[in-house]
Amino acid sequence: MRHEALGFPLLAAIRFLAARQACFDHCINLNQTWLSKTGLSAQDLADLAAGREVAAFSEAENALLATVAKVQRKERVGEDEIQRLHGLGWKDSDILDASVQGTNMLGMSCLFEAFSK
């Protein structure tokens, strides 16, 4: 909540993407509500869900979201992509923190599925 570089709307967007992939409807709805309350429009939310750039986010935030989405899909993130993120002002620790935020829910979904009745 107090990350020096990753703001609340960006973190909620990352959780929204993870919830969509993990099929957690309640988390999708919760993060969508939070994003709406922070000023994202219906079009912004549609763009986020479709994997398009979101007008409410900066170029740097959109680039980081795209990288986190790749991580969530288990795709390789190349050095050129990391260098682009660095050029947009992100530190390695920011990229890692965003990626961890984006994958934590996916791990929880594995546990939930394994141990649910």
Side-chain angles (χ1 to χ4, degrees):
M1 299 248 328
R2 294 185 181 152
H3 196 282
E4 64 185 42
L6 306 176
F8 180 80
L10 182 60
L11 291 171
I14 290 168
R15 289 190 304 272
F16 174 81
L17 294 176
R20 286 180 47 83
Q21 188 168 345
C23 301
F24 285 158
D25 289 339
H26 59 285
C27 290
I28 293 169
N29 294 334
L30 176 64
N31 285 289
Q32 186 171 318
T33 298
W34 284 341
L35 288 166
S36 293
K37 288 182 184 281
T38 64
L40 269 71
S41 68
Q43 184 61 54
D44 289 331
L45 292 168
D47 288 340
L48 178 62
R52 296 186 295 262
E53 289 197 355
V54 177
F57 291 129
S58 69
E59 177 186 3
E61 290 168 324
N62 277 303
L64 187 58
L65 279 171
T67 299
V68 171
K70 283 179 76 170
V71 171
Q72 290 172 332
R73 294 187 306 265
K74 301 176 189 174
E75 294 177 13
R76 179 154 170 66
V77 177
E79 183 62 30
D80 57 334
E81 189 167 351
I82 298 297
Q83 291 307 316
R84 178 170 184 258
L85 292 172
H86 287 164
L88 291 168
W90 298 114
K91 298 183 298 189
D92 286 337
S93 59
D94 301 330
I95 299 165
L96 179 62
D97 290 345
S99 297
V100 168
Q101 181 82 180
T103 57
N104 276 344
M105 191 178 298
L106 301 179
M108 291 303 293
S109 73
C110 294
L111 291 170
F112 181 78
E113 290 298 319
F115 294 105
S116 64
K117 293 183 183 187

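Nothing fancy with the numbering, it's 1 onward along the sequence.
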Would you say [X]'s side chain and [Y]'s backbone share a donor-acceptor pair under 3.5 angstrom?
{"X": "D94", "Y": "K91", "result": "yes"}
{"X": "D47", "Y": "D44", "result": "no"}
{"X": "N62", "Y": "F57", "result": "yes"}
{"X": "E61", "Y": "S58", "result": "yes"}

Task: Side-chain touch C27/R15, heavy atoms, less than 4.5 angstrom - done: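 C27 vs R15: side chains apart.
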Report the distance from atom [atom1] of [X] to atom [atom2] of [Y], rounding to the nearest 0.5 Å.
{"X": "Q83", "Y": "L88", "atom1": "CD", "atom2": "CG", "value": "11.5 Å"}
{"X": "E81", "Y": "L64", "atom1": "CD", "atom2": "CG", "value": "9.5 Å"}
{"X": "D25", "Y": "Q32", "atom1": "CG", "atom2": "CD", "value": "10.5 Å"}
{"X": "F16", "Y": "T33", "atom1": "CZ", "atom2": "OG1", "value": "10.0 Å"}
{"X": "I28", "Y": "R20", "atom1": "CD1", "atom2": "CZ", "value": "6.0 Å"}
{"X": "L85", "Y": "I95", "atom1": "CG", "atom2": "CD1", "value": "4.5 Å"}

If hydrophobic clusters are built by linking Ile, Leu, Val, Met, Phe, Trp and Tyr wherever their side-chain heavy atoms come under 4.5 Å apart, do [X] and [Y] end up in the same one?
{"X": "I14", "Y": "V71", "answer": "yes"}
{"X": "V54", "Y": "W90", "answer": "yes"}
{"X": "F112", "Y": "M105", "answer": "yes"}
{"X": "L106", "Y": "V68", "answer": "no"}
{"X": "L17", "Y": "F24", "answer": "no"}

Open item on the list: Ring centres under 6.0 Å, that's the criterion: do F8 and W34 meet it?
Closed with: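 Yes - the distance between ring centres of F8 and W34 falls below the 6.0 Å cut-off.
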Task: Salt-bridge contact R84-E59 (side-chain N to carboxylate O under 4.0 Å) - done: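 Yes, R84 and E59 are salt-bridged.
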Taking every non-hydrogen atom, the tightest pair across [X] and [Y]:
{"X": "L6", "Y": "A98", "answer": "CD1-N, 3.7 Å"}
{"X": "P9", "Y": "L35", "answer": "O-CD2, 3.3 Å"}
{"X": "A13", "Y": "L65", "answer": "CB-CD2, 4.0 Å"}
{"X": "Q72", "Y": "G102", "answer": "NE2-O, 2.9 Å"}

Task: CZ (R76) with more than 12 external heavy atoms under 6.0 Å - done: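 It does not: R76 CZ has 12 such atoms or fewer within range.
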Task: E53 CD: over 12 foreign heavy atoms closer than 6.0 Å - done: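 Count not over threshold, so no.
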